[in-house]
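To start, the structure itself, in structure tokens.
These numbers come from a predicted model, not from an experiment. A note on names: the letters A, B, ... follow the listed sequences, proteins ahead of strands, and every chain is numbered from 1.
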Number of protein chains: 2
Amino acid sequence: MSNWLDAVKWDADGLVPAIAQDYKTGRILMMAWMNREALTLTVQENRAIYYSRSRQQLWRKGESSGHVQQLHEVRLDCDADVITLQVEQIGGIACHTGRESCFYRVYQDGEWVSVDPVLKDPKDIY
Amino acid sequence: MSNWLDAVKWDADGLVPAIAQDYKTGRILMMAWMNREALTLTVQENRAIYYSRSRQQLWRKGESSGHVQQLHEVRLDCDADVITLQVEQIGGIACHTGRESCFYRVYQDGEWVSVDPVLKDPKDIY
């Protein structure tokens with residue numbers, strides 16, 4: 001049962017990038033990191049569980065905000081060093097800024113321009 | 001003009017992950033890395049140019065295969081350490097295995113199962 005975990009090429013820190021995508025719309029919501037335990041728990045609990053590099057601990061996405069990511073599919077890339085998650089984003093907000101997606105800034109003429117609305121004030125989320 | 005480059009939080013190796021997504025279907029095609037020069041050239045030349053960590057040099061995606069990724073949009077995430085590219089994948093093949101996407105293996109009951117067809121023999125691509 002652990003062969004699938006050994007197949008993943010963990011980086012020097014024991015991590016792998018995980019990209020979360022809305023399973024219906026295809027919108028890329030965020031990218032975070034997973035260690036072996038996070039990926040194992042993600043599959044076991046059927047929800048996205050990451051590893052926070054800044055806090056150096058497991059990050060149960062949605063634990064404080066309620067914005068859990070329910071898992072629909074996990075994929076591994078050809079080099080076995082990146083993972084994608086198809087998720088249902090509970091609450092419709094993945095970003096800590098209160099936006100649907102963390103990718104709300106678009107490159108335009110030498111600037112990053114915020115183009116997506118804040119759906120909920122972060123003060124009311126956390 | 002370089003402020004937008006300074007806004008990116010490059011990692012210790014001077015790199016940032018870049019996720020390429022089909023601009024029409026939303027399919028995540030691949031994830032690779034960019035350095036400052038790669039991102040600059042990507043925007044200038046309107047096509048995805050990565051930095052190959054294994055070869056330690058710029059990687060003009062599609063240079064040998066013809067499978068260029070024409071750029072439609074570049075986004076930066078809230079932490080400024082991940083980039084997404086909306087691209088048109090010329091040839092319909094992003095993966096060096098001859099598949100549309102590098103993410104062709106799905107987790108199923110403790111295994112990674114290849115579910116996507118090889119569209120073209122890699123021998124005929126390179």
Q) So, for B/R105 and A/C78, which heavy atoms are closest and what is the spacing to 0.1 Å? A) NH2-O, 3.4 Å
Q: Decide if atom CD of B/E111 counts as having more than 12 heavy atoms of other residues, nucleotides or ligands within a radius under 6.0 Å.
A: no
Q. Do B/Y107 and B/V115 belong together in a cluster built from hydrophobic side chains that touch within less than 4.5 Å?
A. no
Q. Given the rule that I, L, V, M, F, W and Y join up when any side-chain heavy atoms are under 4.5 Å apart, are B/V87 and B/V74 in one cluster?
A. yes
(Q) Tell me whether A/D81 is salt-bridged to B/R53, with the criterion being a basic N under 4.0 Å from an acidic carboxylate O. (A) yes
Q | Hphob cluster co-occupancy, A/L39 + A/L85, side-chain heavy atoms under 4.5 angstrom | A | yes
Q) Are B/L71 and B/Y50 co-members of a hydrophobic cluster defined by side-chain heavy atoms under 4.5 Å apart? A) yes
**Q.** Straight-line distance of B/C95 SG to A/D79 CG, nearest 0.5 Å
**A.** 7.5 Å
**Q.** Contacts with chain A made by residues 8-34 of chain B (heavy-atom distance under 4.5 Å), listed by residue number
**A.** B/V8, B/P17, B/I19, B/Q21, B/G26, B/R27, B/I28, B/M31, B/W33
Q. Which residues satisfy the side-chain contact (heavy atoms from CB on, under 4.5 Å) test with B/E73, sequence neighbours excluded?
A. A/V106, B/R75, B/Q86
Q. Can you tell which of A/T97, A/D77, A/L76, A/V113 has the highest number of heavy-atom pairs within less than 4.5 Å of chain B?
A. A/L76
**Q.** More than 12 heavy atoms of other groups within 6.0 Å of B/Q56 CD
**A.** no
**Q.** Shortest non-hydrogen contact between B/W112 and A/W4, atoms and distance
**A.** NE1-O, 2.8 Å
Q) Quick one: does B/F103's side chain get under 4.5 Å of A/V82's, heavy atoms only? A) yes
Q) Given the rule that I, L, V, M, F, W and Y join up when any side-chain heavy atoms are under 4.5 Å apart, are B/V118 and B/I93 in one cluster? A) no
